[in-house]
Amino acid sequence: MFNTIDHPFLVPTDGSFSLKQSTTSISSSKTEKDIKQDLRQDQKDLDDLQRLLYAHNQFSVLLVFQAMDAAGKDSTIRAVLKGIDPAGCQAFSFKQPSKEELDHDFLWRTAKSLPERGRIGVFNRSYYEEVLVVKVHPEYLAGQRLPYQPNISDNAAMNKFWNDRYESIIDHEKHLARNGTIVLKFFLNVSREEQHRRFLSRIENPKKNWKFSDSDLAESALWDKYQEAYQKVLNTTSKPWAPWYAIPADNKPLMRHMVCEVIRDNLLQLNLQYPQLNDEDTAKLQSYKEQLIITE
């Protein structure tokens, strides 16, 4: 079964990760121009690997992106997929569940959007919302019509409820890994100060006004609760077969380059191969070649 590569921002699988001690900003000796050039090479490498992934036809790739508002999920996904054959990738954004989605278990709406073999699938937010946003807002559970509704005032009952959801997620991802889906999860780790700078940019730039909502500030006010929820998620669900990477997100060009690099390096270790013809089929190629009608 797939095991991830090591990386400076790989979340350990032993539960020792500390979000408070993790950095949101790193610097580089390279110029921004050089970083963007490196990213363009990564994009080309990733395009080549996706073509090989499709021809090999045994693995699929699932990229999961989670972050606080304004961390750069959308732009990072665009950067990662830029240059890849559109037929070889698919992206889904998961927001508030619909009535139909609430008629199913919490994994259903994402499970039906999983990538098939040979393709790269991207989840912009995911089933992890159910142990992040819903954990910060447990009152949302009342609308999920659960058959075993926990009492949100009972700490012991709620701890068991969340632990059950973590277990479901871990089992789900292990099942995917066993069956050839490479699960790579990215937490874009933005600081609150940088988040507010980006909010300010959305307010001051008329072309970005539409991206700002008063709910963004309301959720930002719950920053500590979200950090606690992310801490638990990252420590509980980072596994060798479905790792989390906590990527510093204050510097967008570096963040995008690192994400693309992580995906590329993980795919490189799969030893993907183009299909090889047997001797009989190879021998037939000369005969097929002679039947082609080509005018010089």
Side-chain angles (χ1 to χ4, degrees), residues 1-26 61-68 71 73 76 94 105-107 110-111 123 125-138 140-141 150 152 154-179 181-192 195 219 222-250 255 258-259 261-263 265-266 269:
M1 192 161 63
F2 167 78
N3 280 279
T4 188
I5 61 166
D6 195 15
H7 189 271
F9 297 107
L10 173 66
V11 175
T13 59
D14 60 3
S16 63
F17 178 73
S18 171
L19 189 51
K20 287 183 178 180
Q21 294 179 5
S22 64
T23 185
T24 64
S25 180
I26 57 172
V61 177
L62 175 62
L63 309 176
V64 176
F65 289 86
Q66 293 285 161
M68 296 293 289
K73 295 187 302 301
T76 300
F94 297 98
D105 68 274
F106 78 94
L107 291 170
T110 51
F123 285 175
R125 303 191 188 276
S126 65
Y127 41 85
Y128 280 102
E129 294 292 280
E130 293 295 326
V131 287
L132 291 167
V133 174
V134 180
K135 192 172 185 181
V136 173
H137 296 280
Y140 291 172
L141 292 172
I152 64 174
D154 185 335
N155 289 335
M158 291 307 296
N159 284 337
K160 182 182 185 307
F161 177 81
W162 300 123
N163 286 335
D164 287 346
R165 283 202 166 178
Y166 298 138
E167 184 178 343
S168 293
I169 289 171
I170 292 168
D171 289 344
H172 176 62
E173 291 177 343
K174 193 166 190 178
H175 169 75
L176 294 178
R178 284 189 181 121
N179 288 277
T181 297
I182 309 305
V183 183
L184 301 173
K185 301 173 295 191
F186 297 93
F187 168 57
L188 306 185
N189 189 13
V190 70
S191 67
R192 193 176 188 181
Q195 182 198 53
E219 292 302 289
L222 300 171
W223 185 272
D224 290 343
K225 288 186 176 181
Y226 273 107
Q227 295 297 290
E228 182 180 348
Y230 271 109
Q231 168 84 22
K232 182 66 175 178
V233 160
L234 296 174
N235 267 324
T236 305
T237 64
S238 189
K239 301 296 179 183
W241 60 85
W244 277 105
Y245 292 89
I247 305 294
D250 286 358
M255 172 185 65
M258 280 191 287
V259 169
E261 197 173 49
V262 165
I263 299 167
D265 291 350
N266 272 291
Q269 70 159 336

Exercise for review: Locate the shortest heavy-atom distance separating Ser168 from Leu107; write the atom from each residue and the value.
Suggested key: O-CD1, 4.1 Å
Review point. Taking Glu129 for the side chain and Phe94 for the main chain, is one N or O donor matched with an acceptor at less than 3.5 Å?
Key: no
Review point. Counting N and O atoms only, with roles assigned by atom type, does the side chain of Gln231 sit under 3.5 Å from a partner on the main chain of Leu19, one being a donor and the other an acceptor?
Key: yes
Exercise for review: Taking all heavy atoms of Leu188 and all of Ala67, pick out the closest pair and write down the distance.
Suggested key: O-CB, 3.5 Å
Check your understanding: Roughly how far, to the nearest 0.5 Å, is NZ of Lys232 from OG1 of Thr237?
Key -> 10.5 Å
Point to revise | pair Gln66-Lys73: side-chain heavy atoms closer than 4.5 Å | key: no
Exercise for review: Evaluate the side-chain contact (heavy atoms from CB on, under 4.5 Å) criterion for residues Thr23 and Ile26: first the C-alpha distance (whole Å), next the side-chain angles of each, then the deciding distance (0.1 Å), finally the verdict.
Suggested key: CA-CA 7 Å; Thr23 185; Ile26 57 172; 3.9 Å; yes
Review point. Taking the side chain from Thr24 and the backbone from Pro248, do they hold a donor-acceptor pair closer than 3.5 Å?
Key: no
Review point. Taking the six-membered ring of Trp241, is the NZ or CZ of Lys174 close enough (under 6.0 Å from the centre) and on axis enough (within 45°)?
Key: yes
Study note, to complete from the structure: What one should report as the nearest heavy-atom pair of Asn3 and Pro240 is OD1-CB, 3.0 Å
Point to revise | Side-chain donor/acceptor of Asp265 to backbone N/O of Ile263, under 3.5 Å | key: no
Check your understanding: Mind checking what makes salt bridge (Lys or Arg N to Asp or Glu O under 4.0 Å) contact with Arg165, not counting sequence neighbours?
Key -> Glu130
Practice item. Go through Tyr226 and Met68 one step at a time and tell me if the side-chain contact (heavy atoms from CB on, under 4.5 Å) criterion holds. Key: CA-CA 8 Å; Tyr226 273 107; Met68 296 293 289; 3.6 Å; yes
Review point. Is a side-chain N or O of Lys185 found less than 3.5 angstrom from the main chain of Ser238, in a donor-acceptor match?
Key: no
Review point. Looking at Glu228 and Lys135, does any basic side-chain N land under 4.0 Å from a carboxylate oxygen?
Key: no
Study note, to complete from the structure: Note: Phe2 and Pro243 closest approach over all heavy atoms is CE2-CD, 4.4 Å
Review point. Listed by chain and number, what are the salt bridge (Lys or Arg N to Asp or Glu O under 4.0 Å) partners of Lys160, not counting sequence neighbours?
Key: Asp164
Revision key, fill the gap. Nearest heavy-atom approach of Ser191 to Trp223 is C-CH2, 3.7 Å
Check your understanding: What residue among Trp244, Phe106, Tyr166, Phe186 forms ring pair (Phe, Tyr, Trp, His ring centres under 6.0 Å) with Tyr128?
Key -> Trp244
**Study point:** Atom pair CD1/CG of Ile182 and Leu63 - distance to nearest 0.5 Å
**Key:** 10.5 Å
Check your understanding: With a 3.5 Å cut-off and no angle check, do the side chains of His137 and Glu219 form a donor-acceptor pair?
Key -> yes
Practice item. Applying side-chain hydrogen bond (donor to acceptor under 3.5 Å, both in side chains), name anything that partners Tyr245, two or more places apart in sequence or on another chain. Key: Thr4, Asn266
Review point. Is the side chain of Tyr230 donor-acceptor paired with the backbone N or O of Asn189 at a distance under 3.5 Å, no angle test?
Key: no
Exercise for review: Mind checking the CD1-CE spacing from Ile152 to Met158? Nearest 0.5 Å is all I need.
Suggested key: 7.0 Å
Check your understanding: Counting heavy atoms not belonging to Gln269, are there more than 12 under 6.0 Å from its CD?
Key -> yes
Exercise for review: Evaluate the side-chain proximity of Val233 to Leu132: yes if any heavy-atom separation is below 4.5 Å, no if none is.
Suggested key: yes
Review point. CG/Leu234 to OG/Ser18 distance, rounded to the nearest 0.5 angstrom?
Key: 11.0 Å
Review point. Is it true that a side-chain atom of Asn179 and a backbone atom of His175 form a donor plus acceptor pair closer than 3.5 Å?
Key: yes
Review point. Could you state the interatomic distance from CG (Asp154) to CG (Asn159), rounded to the nearest 0.5 Å?
Key: 9.0 Å
**Study point:** Val134 vs Val136, side-chain contact (heavy atoms from CB on, under 4.5 Å): CA-CA, chis, key distance, verdict
**Key:** CA-CA 5 Å; Val134 180; Val136 173; over 6 Å; no
**Study point:** Ile247 CD1 to Phe187 CZ distance, which is reported to the nearest 0.5 Å
**Key:** 10.5 Å
Check your understanding: Between Val262 and Phe9, is any pair of side-chain heavy atoms under 4.5 Å apart?
Key -> no
